[in-house]
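First comes the structure, then the notes that go with it.
Residue numbers start from 1 in every chain, and the chains themselves are labelled A, B, ... in the order their sequence lines are given, proteins ahead of strands. All values below were derived from every heavy atom in this structure, side-chain atoms included, with hydrogens, water molecules and symmetry-related copies excluded.
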Protein chains: 2
Amino acid sequence: MVTIGDVARVAGVSRSTASYALSGKRTISPAVRQKVADAVAELGYTPNAGARALATSRTNVIALLGQFFEDEFAPAMLQYILGVTDRARELGFDTLLVSDSDGVSALRRISDSRMADGFVLLNVAENDERLAPLRSASQPAALVGLPGNSEGIDAFDLDFAAAGELMVERMHELGHRELILVSQPEHVVERGGAYVWRLANAAAARAATLGVTLHHYYAASSQPEIGKDLNAFLDAHPDATGLLLNNEAAAAALPNVLQARSLAVPADMSVIGRYSETFARTFSLPYSAIDSAPDLLGRRAVEHLVSRIDGTADADTHVVDLIAPIIDDRGSVAAPPSR
Amino acid sequence: MVTIGDVARVAGVSRSTASYALSGKRTISPAVRQKVADAVAELGYTPNAGARALATSRTNVIALLGQFFEDEFAPAMLQYILGVTDRARELGFDTLLVSDSDGVSALRRISDSRMADGFVLLNVAENDERLAPLRSASQPAALVGLPGNSEGIDAFDLDFAAAGELMVERMHELGHRELILVSQPEHVVERGGAYVWRLANAAAARAATLGVTLHHYYAASSQPEIGKDLNAFLDAHPDATGLLLNNEAAAAALPNVLQARSLAVPADMSVIGRYSETFARTFSLPYSAIDSAPDLLGRRAVEHLVSRIDGTADADTHVVDLIAPIIDDRGSVAAPPSR
DNA sequence: CTGAAAGCGCTTACAG
DNA sequence: CTGAAAGCGCTTACAG
């Protein structure tokens with residue numbers, strides 16, 4: 001393997017000069033700079049990452065801690081992951097993907113062994129167990145998802161409360177007075193999936209003030225159960241004219257359900273979902289939806305994390321960045337049918 | 001940070017003794033071993049990964065190189081990734097996820113900087129550009145996907161040729177004589193997606209020998225185009241009684257298409273797909289399908305890679321492991337309707 | 001503007 | 001059974 005010693009020898013300078021010529025951390029005469037550059041090109045030198053990490057206490061690696069639950073919608077996770085890895089590379093970092101089921105010990109292991117300069121946590125729960133080891137870690141972190149207490153850590157998430165309000169308001173404006181909200185399964189909530197109740201509670205509150213009837217249900221996250229659930233909700237509320245979906249599987253299953261019931265969208269039923277643009281495209285979901293923006297959230301989390309690693313972020317202030325919901329209009333919302 | 005020097009001091013031994021006590025690489029008296037263990041527990045010692053990598057030339061990291069194309073079916077990729085990361089952890093490795101669009105230079109960068117002990121490549125193409133730098137890399141590799149020339153590298157893939165034959169044979173056995181095979185878009189083939197023509201060619205050959213008419217089409221990989229494509233194929237071949245799908249998007253879109261045409265499965269139309277069990281479950285796809293087994297392939301690739309890293313695999317022999325296709329029966333195949 | 005040297009935290013021959 | 005020392009490949013004060 002070619003080392004900086006080889007570069008120095010070929011260039012006819014000392015190792016320190018070679019190092020400085022490469023890092024630019026002190027002024028080097030043009031002639032020497034050129035000789036070093038030539039030697040690097042000739043030998044094909046790349047610094048040894050482990051040696052550099054040992055000398056600088058910097059790995060240029062960030063650790064991405066995912067949590068992959070059987071009962072959650074796996075396909076959506078990849079978008080977050082790619083947002084993180086892509087943005088990290090742009091900023092000069094590689095990404096260690098950690099999928100250990102025991103996130104707490106994985107976090108300790110990575111942190112204590114100094115394999116990474118910082119952490120991005122995905123799928124953060126209301127009382128996420130990983131926050132305690134994270135707070136005592138020596139590396140900074142950024143969360144995707146909003147825990148109950150994000151003190152001392154930067155957090156990035158969709159503003160699910162505003163999303164719930166927006167869904168109800170849009171329906172109300174158009175004249176809808178009875179809506180059904182379909183959430184993720186209840187055990188997602190029990191596990192700490194705060195986004196579920198943040199959206200649902202806000203939607204319920206807004207509905208109450210607007211005089212809109214809102215029926216809220218938890219529903220399955222996979223077929224065929226979700227199809228049955230949707231039929232049951234529609235059977236139970238024949239006068240409902242709008243569906244709000246905070247459940248990807250429900251969105252994927254709905255076209256078949258509505259078709260079987262001969263309900264046209266938006267003539268008979270208006271629908272607003274909450275899922276990513278990629279998800280909509282992949283499955284051709286024909287519903288207007290609030291973009292959950294996984295790519296954007298991943299990128300933001302990394303950007304902020306890197307500013308912490310570099311020490312450019314304000315050490316005393318931590319951000320909670322809730323991105324405002326935007327409805328991608330796919331034409332699935334209109335005035336309710338007149339009776 | 002706590003180092004092995006701290007452990008040695010607290011245990012009252014030398015650093016080398018502390019190191020040996022932890023690695024077990026030479027015999028240590030029980031008393032000393034206990035003192036070292038106590039010191040580790042008391043101090044909460046974890047070895048510094050960079051320092052260890054520098055001393056041993058081993059990182060205990062594998063690099064996973066993905067290729068994520070806009071026009072391929074992204075959700076399926078996560079299953080491969082998790083197969084790799086999970087199995088790697090079981091074997092004591094962490095995983096660096098590399099999603100650079102320029103896989104060639106990413107490979108060089110990781111290899112030359114010695115950030116990883118080996119590589120797993122996903123989505124390997126017929127003439128994959130990454131194979132050249134891989135062959136000159138000092139670390140071993142395992143491929144998921146079968147290139148035209150896998151000499152000197154281990155490769156793991158579904159046996160797509162056998163899959164094509166199996167699909168045709170199953171249909172033929174039940175009496176079908178006219179089939180439609182729907183492949184991925186043609187540009188996937190042009191890019192080197194050999195699995196597309198491996199399945200298609202084998203299916204065509206088997207159909208020819210069995211006297212079955214097989215109409216082969218490339219089709220879109222997303223909605224709404226794929227829905228239109230499917231309708232066009234069915235319009236063009238009204239006597240076809242069986243559909244073979246080597247295209248996930250087609251499988252996802254087919255239920256709506258068939259319902260709109262009032263075709264029941266399997267009474268009017270038999271269907272065999274090729275996608276993962278997870279994919280089937282997530283989207284409730286009701287078709288019998290050959291399991292593409294992404295999780296298994298990822299795990300196998302890692303296992304073999306680790307045996308190469310450890311030097312336990314035979315250095316002179318490289319494996320091409322094509323897993324045999326298995327049809328998960330979901331009841332979508334039956335005898336054709338009598339006319 | 002450049003060089004010799006120390007040090008990052010490990011592991012592992014070498015000696016005893 | 002254990003210790004002192006060298007070395008892995010970098011970076012960066014310290015000196016000039």
Atom pair distance, as rounded to whole Å: CE in Met1(A) and P in dC8(D): 11 Å
N-O pairing of Arg299(A) and Glu90(A) below 4.0 Å: yes
Interatomic distance, Arg33(A) CZ vs dT2(C) C1' [rounded to whole Å]: 13 Å
Integer-rounded Å distance: dG3(D) C1' and Ile28(B) CD1: 11 Å
Under 4.0 Å protein heavy-atom contacts per nucleotide of nucleotides 11-16 of chain D, with B for base, S for backbone only and - for none: BBBB--
Note, Val302(B) side chain near Leu91(B) side chain (heavy atom, < 4.5 Å): yes
Any Ser14(A) side-chain N or O less than 4.0 Å from OP1/OP2 of dT2(C): no
For dA13(D), the Watson-Crick or wobble partner whose two distances fall under 3.5 Å: none
For residues 43-53 of chain B, tabulate all N or O donor-acceptor pairs below 3.5 Å that involve a side-chain atom, not counting sequence neighbours.
unit_1   : atom_1 : unit_2   : atom_2 : d
Asn48(B) : OD1    : Gly50(B) : N      : 2.9
Asn48(B) : OD1    : Ala51(B) : N      : 2.9

Mate of dA4(D) where both pairing distances stay under 3.5 Å, Watson-Crick or G-U: none
Closest listed nucleotide, where the reference is the side chain of Val32(B) and the choices are dT2(C), dT2(D), dG9(C): dT2(D)
Side-chain donor/acceptor of Asp310(B) to backbone N/O of Thr312(B), under 3.5 Å: no
Identified side chain to side chain contact (heavy atoms under 4.5 Å, CB included) counterpart of Asp117(A) within the set Gln139(A), Arg308(A), Arg58(A): Arg58(A)
Value in whole Å for how far the P atom of dC10(C) lies from CG of Leu54(B): 12 Å
Rounded distance (Å) that lies between atom C1' of dC8(D) and atom CG of Asp6(A): 14 Å
Any residue meeting side-chain contact (heavy atoms from CB on, under 4.5 Å) with Arg9(A), in chain and number order, not counting sequence neighbours: Asp6(A)
Length of the CG-C1' vector between Asp112(B) and dC10(D), whole Å: 16 Å
